[in-house]
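The first residue in the sequence is number 1, and the count goes up from there.
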Amino acid sequence: MPESNDRIRILVADDHTLFRDALCQVLRAEDDFHVVGDASDGPGVISLAVRTRPDIVLLDVEMPNHHPARTLPRLLEVSPPPKVIILSMHDDPQLVQDLLAAGAHGYLHKAIRSQELLVAIRSVHAGRHGVTVLVSQAIAPVPRANPQGVLTEREQEVLALVAKALSNRQIAVQLAITEGTVKRHLRNIFGKLSAVSRIDAVNKAIGAAPAHPLLRSAHPAPPLTSLRQIMDRATIDT
C-alpha cells in the first residue's frame, strides 16, 4: 500500500447515509485512496475541507444548507484548493455546464459503475483531462443539424460517438476511418457549431435545454439503490 502522503485524499459529501457509507467503502478498498472524512450538508463539507485538506471532494448537488453555486467557490478557497467532482442524480446539460463553469473538475451521474468512478477520480487527480463528465444517455441523443451549420451525416455519426464515451481512436475503429480523419471531422464540427469543446459541441447539436434549478428538480429522480447500478451513459472529455 502506498504511504498515506502518496495516496489520493478524498472527502465525500452526500446527505444519503446509505449511499455515502457504500461510496466510502468502495473508495477505502483502493490502495491509492484515503478517505479523510464524510459530510452530510454544506457547512459540514466546507468545515471538513478546511481541516482535512483533501485532494478530491465528491460533492452531491442536493444536501441540506447547500447551494452548489455558493459551496463550490468556498471549497476552492481552501488552501490548497481541492478538485471538486459533482455527484448527482440530475443530468440536465445546462446544470452540468453551470457547475463546470463554477469550478468543478468533473460531473458524474450517480448511476455510473463503481469502476468508472474510480477511473474518473484518478483522471481528475492526475489532471489528464480538463473535465470529466459521465451522464445518462438521456441527454446525449444522436445530434441533429444546427441551423448555424448543417452537419453532414458522417459528422453526426462522429459526434454521436463522442457523446457515447468513445475516444478518437475508438471512433476511428468503429467507423473504419483513420484517427486523423476523426480529428478533421471534429474540427469541422467545432467550426460549424461555434463550439469550444467536445461537451459544448454535443450540447449545441442537441439543442437548447430547458431551464434547470440548482437546488431542486421539477422531476425528482428515483433513489439510487446501489453504487453499481448500471444505466446507459455517455462520457464526454474536453
Side-chain angles (χ1 to χ4, degrees), residues 8-24 27 35-112 117 120-121 124-125 129-136 138-139 196-197 199-200 202-203 206 208-224 227 233-234 236 238:
I8 301 173
R9 298 170 57 80
I10 303 172
L11 173 57
V12 177
D14 194 288
D15 64 328
H16 291 93
T17 304
L18 210 63
F19 176 81
R20 190 174 69 247
D21 290 348
L23 179 55
C24 288
L27 298 175
V35 178
V36 297
D38 60 273
S40 60
D41 58 24
V45 67
I46 294 169
S47 175
L48 271 175
V50 171
R51 288 182 2 232
T52 62
R53 294 185 293 179
D55 300 310
I56 299 286
V57 175
L58 298 179
L59 182 67
D60 187 18
V61 168
E62 295 179 303
M63 296 188 299
N65 302 311
H66 163 64
H67 191 300
R70 290 194 294 267
T71 301
L72 259 173
R74 294 186 65 184
L75 286 172
L76 297 177
E77 290 174 356
V78 174
S79 181
K83 294 180 178 179
V84 180
I85 299 175
I86 302 295
L87 290 176
S88 176
M89 283 302 296
H90 306 295
D91 52 12
D92 175 8
Q94 191 59 53
L95 175 62
V96 175
Q97 287 187 328
D98 287 352
L99 292 177
L100 294 178
H105 286 74
Y107 191 105
L108 309 178
H109 196 282
K110 283 184 177 179
I112 62 171
L117 170 67
I121 292 172
V124 168
H125 180 257
H129 300 293
V131 294
T132 296
V133 180
L134 290 138
V135 291
S136 76
I139 74 164
V196 296
S197 68
I199 189 172
D200 188 32
V202 171
N203 287 334
I206 291 170
H212 72 275
L214 276 172
L215 280 176
R216 296 185 189 176
S217 171
H219 307 284
L224 180 68
L227 186 62
R233 86 282 183 204
I236 307 160
T238 59

Value rounded to 0.5 Å, distance of NE2 in His16 from CD in Glu62: 8.5 Å

Inter-residue atom distance Ile86.CD1 - His109.NE2, 0.5 Å rounding: 13.5 Å

Lys110 vs Asp14, side chain to side chain contact (heavy atoms under 4.5 Å, CB included): CA-CA, chis, key distance, verdict: CA-CA 11 Å; Lys110 283 184 177 179; Asp14 194 288; 2.7 Å; yes

Any Tyr107 side-chain heavy atom under 4.5 Å of Ile85 side chain: no

Main-chain N/O of Asp60 paired to His66 side chain as donor or acceptor, under 3.5 Å: yes

Distance in Å, Leu58 CG paired with Leu11 CG, rounded so as to fall on 0.5 Å steps: 8.0 Å

Euclidean distance, Leu117 CG relative to Leu87 CG, rounded to 0.5 Å: 6.5 Å

Side-chain heavy atoms of Pro64 within contact of Asp15, under 4.5 Å: yes

Donor-acceptor contact present, side-chain His105 to main-chain Lys83, <3.5 Å: no

Verdict with reasoning, Asp98 to Leu100, per side chain to side chain contact (heavy atoms under 4.5 Å, CB included): CA-CA 6 Å; Asp98 287 352; Leu100 294 178; over 6 Å; no

What donor-acceptor contacts under 3.5 angstrom involve side-chain atoms of residues 36-54, with partners at least two apart or in another chain?
unit_1	atom_1	unit_2	atom_2	d
Asp38	OD2	Arg20	NE	2.9
Asp41	OD1	Gly44	N	2.7
Thr52	OG1	Leu48	O	2.6

Inter-residue atom distance Leu72.CG - Arg70.CZ, 0.5 Å rounding: 12.0 Å

pair Leu76-Val78: side-chain heavy atoms closer than 4.5 Å: no

